[in-house]
J.: 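Next up is a structure, given as structure tokens.
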Amino acid sequence: MTGFVLGSASPARLQVLRSAGLAPIVRVSDVDEDAVAAALPAGTPPEGVVTALARAKAESVAAALIADAAPVVADCVVVGCDSMLLVDGQLQGKPHTPEVAKARWAEMAGRSADLLTGHCVLRLREGRIVAAAADCSSTTVHFADPGPEELDAYIASGEPLQVAGAFTLDGRGGWFVDRIDGDPSSVIGIGLPLVRRLLGDVGVGIAQLWAVGAQLGADAAR
């Protein structure tokens, strides 16, 4: 059976995959995102930045699995993702502090921006990487203009501090998104249509992964 390893601590990504019929194993990478981005050649386009970060995360998780001789490396895929919001030509990641979140919303409110999500899929067999595929998805997000009280309450909730672009689509931030043009799952953090294509590129069909999820669910129910 082909296992599916998600190289991310994001509960939103995990929930998207579970709702889509998979049973992911979660392994979090130890990648220094700032260092990876800083090492990229000058002029790397935004799409290249998020894809490089996704690749670094997937490779870090794959290397750890191989080094630990984890049973899953007999046959699995490792998926790494990275999301950033492109506003006025500048990439924005997680704000981390209320002050930064508030400043970003001052730029975004009532406007549109592109949420870029890099994806990398690695196929592992018998303890080595045998195939790889990577790409980026882009979805345009049209933001509402929350009132001061609404925005202060949203930031005080803590939700926007640890998510790319200081907003979510599937949480409280969804109240402040008027519409999107593109794939909603990509905005949440992992684009199902793109991941399906990348899985195909490394020789894995989604039906295989559904079968694994169903089997694991049946085993857990016993």
Side-chain angles (χ1 to χ4, degrees), residues 6-16 28-57 80-120 135-191 194:
L6 174 63
S8 171
S10 166
R13 289 184 178 125
L14 179 60
Q15 186 56 49
V16 167
V28 182
S29 75
D30 58 359
V31 166
D32 184 334
E33 297 181 29
D34 291 338
V36 172
L40 295 174
T44 300
E47 294 83 358
V49 173
V50 294
T51 303
L53 288 167
R55 182 180 292 109
K57 293 176 182 180
C81 303
D82 188 83
S83 297
M84 300 183 82
L85 190 68
L86 185 64
V87 182
D88 294 331
Q90 299 296 316
L91 284 173
Q92 297 182 350
K94 301 171 184 177
H96 297 298
T97 69
E99 294 76 18
V100 173
K102 192 165 187 175
R104 290 187 179 174
W105 267 97
E107 298 177 39
M108 296 169 2
R111 302 181 58 200
S112 301
D114 295 324
L115 196 286
L116 305 180
T117 300
H119 300 70
C120 179
D135 205 348
C136 173
S137 61
S138 176
T139 301
T140 301
V141 183
H142 302 270
F143 293 102
D145 190 357
E149 183 178 351
E150 293 174 320
L151 185 57
D152 287 346
Y154 181 47
I155 292 173
S157 75
E159 181 185 278
L161 305 188
Q162 300 300 324
V163 291
F167 81 100
T168 63
L169 184 63
D170 56 332
R172 297 186 184 191
W175 294 100
F176 308 130
V177 175
D178 283 339
R179 70 182 192 280
I180 65 169
D181 298 324
D183 169 28
S185 61
S186 179
V187 179
I188 297 172
I190 183 164
L194 178 53

J.: List for me each residue that meets salt bridge (Lys or Arg N to Asp or Glu O under 4.0 Å) alongside K94, sequence neighbours excluded, and say none if there are none.
T.: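 None.
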
J.: Mark yes when over 12 heavy atoms from residues, nucleotides or ligands other than Q162 sit less than 6.0 Å from its CD; otherwise mark no.
T.: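 Result for CD/Q162: enclosed.
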
J.: How many angstroms lie between atom CD1 of I190 and atom OG of S8, to the nearest 0.5 angstrom?
T.: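 Separation between the atoms: 8.0 Å.
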
J.: The criterion is side-chain hydrogen bond (donor to acceptor under 3.5 Å, both in side chains); which residues satisfy it with E33, sequence neighbours excluded?
T.: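 If we apply the side-chain hydrogen bond (donor to acceptor under 3.5 Å, both in side chains) test to E33, skipping adjacent residues, the hits are K57.
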
J.: Which atom pair, heavy atoms only, marks the closest approach of L169 to P184?
T.: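 Minimum heavy-atom contact is CD2-O, 3.9 Å.
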
J.: Taking the side chain as C-beta and beyond, is there a heavy-atom pair between T140 and H142 under 4.5 Å?
T.: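 Of all side-chain heavy-atom pairs linking H142 with T140, at least one is under 4.5 Å.
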
J.: Applying ring pair (Phe, Tyr, Trp, His ring centres under 6.0 Å) as the test, list every pair that has at least one member in residues 144-165; sequence neighbours left out.
T.: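 Applying ring pair (Phe, Tyr, Trp, His ring centres under 6.0 Å) to every pair that reaches into residues 144-165, excluding sequence neighbours, yields Y154-F176.
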
J.: Identify the heavy atoms of I155 and A101 that sit nearest to each other, and give their distance.
T.: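 For I155 and A101, the tightest heavy-atom pair comes out as CD1-C, 4.2 Å.
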
J.: If I take atom SG from residue C81 and atom CG from residue L194, how far apart are they, to the nearest 0.5 angstrom?
T.: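 One gets 9.0 Å once the value is rounded to the nearest 0.5 Å.
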
J.: For D135, check salt bridge (Lys or Arg N to Asp or Glu O under 4.0 Å) against everything at least two apart and list the hits.
T.: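 Per chain and number, D135 pairs via salt bridge (Lys or Arg N to Asp or Glu O under 4.0 Å) with R197.
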
J.: Does D145 have any salt bridge (Lys or Arg N to Asp or Glu O under 4.0 Å) partners at least two apart in sequence or in another chain, and if so, which?
T.: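 Result, salt bridge (Lys or Arg N to Asp or Glu O under 4.0 Å) vs D145: none returned.
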
J.: Provide the closest heavy-atom pair for A164 versus S83 in the form atom of the first, atom of the second, distance.
T.: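 Minimum heavy-atom separation between A164 and S83: CB-O, 3.1 Å.
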
J.: Restricting to non-hydrogen atoms, name the atom on S10 and the atom on R13 that form the minimum distance, rounded to 0.1 Å.
T.: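 Minimum heavy-atom separation between S10 and R13: OG-N, 3.1 Å.
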
J.: For D88, what residues pass the side-chain hydrogen bond (donor to acceptor under 3.5 Å, both in side chains) criterion, not counting sequence neighbours?
T.: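 R111.
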
J.: With sequence neighbours excluded, what pairs up with V36 under the side-chain contact (heavy atoms from CB on, under 4.5 Å) test?
T.: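 With sequence neighbours excluded, V36 shows a side-chain contact (heavy atoms from CB on, under 4.5 Å) to V31, L53, A56, given in chain and number order.
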
J.: Quick one: pull up CG in L161 and OG1 in T97 and give me the separation to the nearest 0.5 Å.
T.: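 Those atoms lie 7.0 Å apart.
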
J.: Determine all donor-acceptor pairs shorter than 3.5 Å in which one atom belongs to a side chain in residues 41-51; sequence neighbours excluded.
T.:
from	atom 1	to	atom 2	distance (Å)
T44	OG1	P41	O	2.6
T51	OG1	E47	O	2.8

J.: At what distance, to the nearest 0.5 angstrom, does CG of L85 lie from CG of L91?
T.: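 Going from CG on L85 over to CG on L91, the span is 8.5 Å.
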
J.: Listed by chain and number, what are the side-chain hydrogen bond (donor to acceptor under 3.5 Å, both in side chains) partners of S186, not counting sequence neighbours?
T.: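 S137.
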
J.: Any idea which heavy atoms bring A166 and P160 closest together, and the distance?
T.: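 Nearest heavy atoms, A166 then P160: O-CB, 3.2 Å.
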
J.: Kindly compute the distance separating OG1 (T139) from CG (D114), expressed to the nearest 0.5 Å.
T.: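 Going from OG1 on T139 over to CG on D114, the span is 8.5 Å.
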
J.: To the nearest 0.5 Å, tell me how far D181 CG sits from L115 CG.
T.: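 Those atoms lie 12.5 Å apart.
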
J.: Please enumerate all residues that pass side-chain contact (heavy atoms from CB on, under 4.5 Å) together with A52, with sequence neighbours excluded.
T.: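 With neighbours one apart ignored, the set is L40.
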
J.: Tell me the salt bridge (Lys or Arg N to Asp or Glu O under 4.0 Å) pairs involving residues 162-180, sequence neighbours left out?
T.: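 Checked against salt bridge (Lys or Arg N to Asp or Glu O under 4.0 Å) - neighbours excluded - no pair reaches residues 162-180.
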
J.: Is a donor on one side and an acceptor on the other found under 3.5 Å between the side chain of H119 and the backbone of G191?
T.: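 It does hold such a pair.
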
J.: Of all residues at least two apart in sequence or in a different chain, which pass the side-chain hydrogen bond (donor to acceptor under 3.5 Å, both in side chains) check with S29?
T.: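 side-chain hydrogen bond (donor to acceptor under 3.5 Å, both in side chains) list for S29, sorted by chain: empty.
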
